[in-house]
Novice: 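First the structure, then my questions, so here it is.
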Amino acid sequence: MTLILGTAVVATFALVAVELIAGYAAHSIALVSDALHNLTDVPTMVISWLAARWAMRPPTPEKTYGYHRAGILAAFINSMLLAIVALFLIYESIQRLRVPVEVESGVMLWVSILALVVNSGITFSLHSGRRDLNIRAVWIHNLGDALSNIAIIAGALVIRRTGANWIDPFIGMAIGAMVLWTGAGILRESTHILLEGLPRNVDLKNVAGAILKVDGVQEVHDIHIWTLGTDLHALSCHARIPDMHMEDSEKILNRICEVLARDFQISHTTVQLERAGLPAEAGPLMPEPAPARRAD
């Protein structure tokens, strides 16, 4: 996936240069908007490429969880870049609606076809890795690019036939709104993960119920579930079990971990076992401490 991202950066750079030159020559705000939109893909892809490489690094004494969060942090940064660019595109499109400019529909048409080929290729290449939030941010961005290229192609055909130059800034404004919408979704999801929120596909009550069904577990409390990285969830909790030998308590612990991994894909588990149902004669400490010896 890192090789695909690296290739996508080079292809996007070339496409941005072509669209900027063509947009300036054809007086098309839609092409310029799409060029700037594609330009934001470059830092997005570079950040995602770096994050994908960092995520493969092993844990260190300082980064005990490793670098799994690198991809989430990249998605968070990329979503903010998307929002800034989207607002700029909408502003420029509104300005062009106020002061219309004649558009060279021929240049607009052929360059947008080239852009569609490039963006569609990148989108299909990243399709298999879209479960990763970091990769999904790039995938959604390029999917939006491809859809905007289709809109520009349609707009160029309409302008060529009718001469309605207002369609060009209207498309630019629509592209900006789409970018803003997709960026907001990624920003919400990445912020939720960075704030240690409950994974979207996990129900806390169902997890607690599954732990309570394990033989020997009488109570479970202080449950925390969070996301470390793509498809990597962690859990910590306290579970009360009857007083028993350590060998038996380890069997209960292993069964809890098996249930969490099988039913909820929670692979990093920390369970603190607490004693419950102690006999009445048991004191606060077991075994009782030896009585203090009197000084002679």
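Worth saying up front: this structure is predicted, and the values here are computed from it rather than measured. In this chain, residues are counted from 1 in sequence order.
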Novice: Mind checking ring pair (Phe, Tyr, Trp, His ring centres under 6.0 Å) for His224 and listing every partner two or more places apart, or none if nothing turns up?
Specialist: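 Partners of His224 under the ring pair (Phe, Tyr, Trp, His ring centres under 6.0 Å) test: none.
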Novice: CD1/Ile241 to CD1/Ile256 distance, rounded to the nearest 0.5 angstrom?
Specialist: 7.5 Å
Novice: Could I get the full list of side-chain contact (heavy atoms from CB on, under 4.5 Å) partners for Ala22, not counting sequence neighbours?
Specialist: Leu31, Val107, Val111
Novice: Spell out, yes or no, whether Ile84 and Trp181 are grouped together once hydrophobic residues are joined by side-chain heavy atoms under 4.5 Å, including indirect joins.
Specialist: no
Novice: Can you tell me how far apart CG (Asp243) and CG (Asp248) are? Round to the nearest 0.5 Å.
Specialist: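 Reported value, rounded in 0.5 Å steps: 10.5 Å.
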Novice: Measuring from Leu273:CG to Ile252:CD1, what's the distance to the nearest 0.5 Å?
Specialist: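 It comes to 7.5 Å.
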Novice: Applying side-chain contact (heavy atoms from CB on, under 4.5 Å) between Val207 and each of Val220, Leu212, Leu260, report the one that passes.
Specialist: Leu260
Novice: What distance do Ile223 atom CD1 and Leu235 atom CG have between them, rounded to the nearest 0.5 Å?
Specialist: 6.5 Å
Novice: Which residues pass the side-chain contact (heavy atoms from CB on, under 4.5 Å) test with Ala174, sequence neighbours left out?
Specialist: none
Novice: Which residues, ordered by chain and number, are linked to Met246 in its hydrophobic cluster, where ILVMFWY side chains connect at heavy-atom gaps below 4.5 Å, directly or through other members?
Specialist: none
Novice: If two hydrophobic side chains count as joined below 4.5 Å and joins carry through other members, does Leu116 share a cluster with Phe124?
Specialist: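 Leu116 and Phe124: separate clusters.
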Novice: For residues Leu232 and Thr227, determine if any side-chain heavy atom of one lies less than 4.5 Å from a side-chain heavy atom of the other.
Specialist: no
Novice: Hey, what else clusters with Leu180 if you join Ile, Leu, Val, Met, Phe, Trp, Tyr whenever side-chain heavy atoms sit under 4.5 Å?
Specialist: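 Its cluster mates, by chain and number, are Leu87.
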Novice: Under 3.5 Å, is there a donor-acceptor pair between the side chain of His192 and the main chain of Leu198?
Specialist: yes
Novice: The criterion is side-chain contact (heavy atoms from CB on, under 4.5 Å); which residues satisfy it with Cys257, sequence neighbours excluded?
Specialist: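 Checked Cys257 against side-chain contact (heavy atoms from CB on, under 4.5 Å); matches are Leu253, Thr269.
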Novice: How would you list all residue pairs meeting salt bridge (charged side-chain N to carboxylate O under 4.0 Å, His left out) that involve residues 199-226, not counting sequence neighbours?
Specialist: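 Found Glu189-Arg200, Glu219-Arg240.
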Novice: Distance from Leu114 atom CG to Asn119 atom CG, nearest 0.5 Å?
Specialist: 9.5 Å
Novice: Quick one: side-chain contact (heavy atoms from CB on, under 4.5 Å) partners of Met80, sequence neighbours excluded?
Specialist: Phe76, Leu187
Novice: Should we count CZ of Phe264 as having more than 12 external heavy atoms under 6.0 Å?
Specialist: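 Yes.
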Novice: Suppose we screen for ring pair (Phe, Tyr, Trp, His ring centres under 6.0 Å). Which residues come up paired with His238, at least two apart in sequence or across chains?
Specialist: His221
Novice: Once rounded to the nearest 0.5 Å, what's the spacing between atom OG of Ser112 and atom CG of Leu157?
Specialist: 8.0 Å
Novice: Suppose we screen for side-chain hydrogen bond (donor to acceptor under 3.5 Å, both in side chains). Which residues come up paired with Glu250, at least two apart in sequence or across chains?
Specialist: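 Residues passing side-chain hydrogen bond (donor to acceptor under 3.5 Å, both in side chains) with Glu250: none at all.
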Novice: Would you check if Val259 and Ile211 make a side-chain contact, meaning some heavy-atom pair closer than 4.5 Å?
Specialist: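 Of all side-chain heavy-atom pairs linking Ile211 with Val259, none is under 4.5 Å.
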Novice: Ignoring hydrogens, what is the shortest heavy-atom contact between Ala239 and Val217? Give both atom names and the distance.
Specialist: CB-CG1, 4.4 Å
Novice: Among all residues two or more places apart in sequence or in another chain, which pass the side-chain hydrogen bond (donor to acceptor under 3.5 Å, both in side chains) test with Arg262?
Specialist: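 Arg262 satisfies side-chain hydrogen bond (donor to acceptor under 3.5 Å, both in side chains) with no other residue.
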Novice: Name all residues meeting the salt bridge (charged side-chain N to carboxylate O under 4.0 Å, His left out) criterion together with Glu196; count only those two or more places apart in sequence or in a different chain, and write none if there are none.
Specialist: Arg69
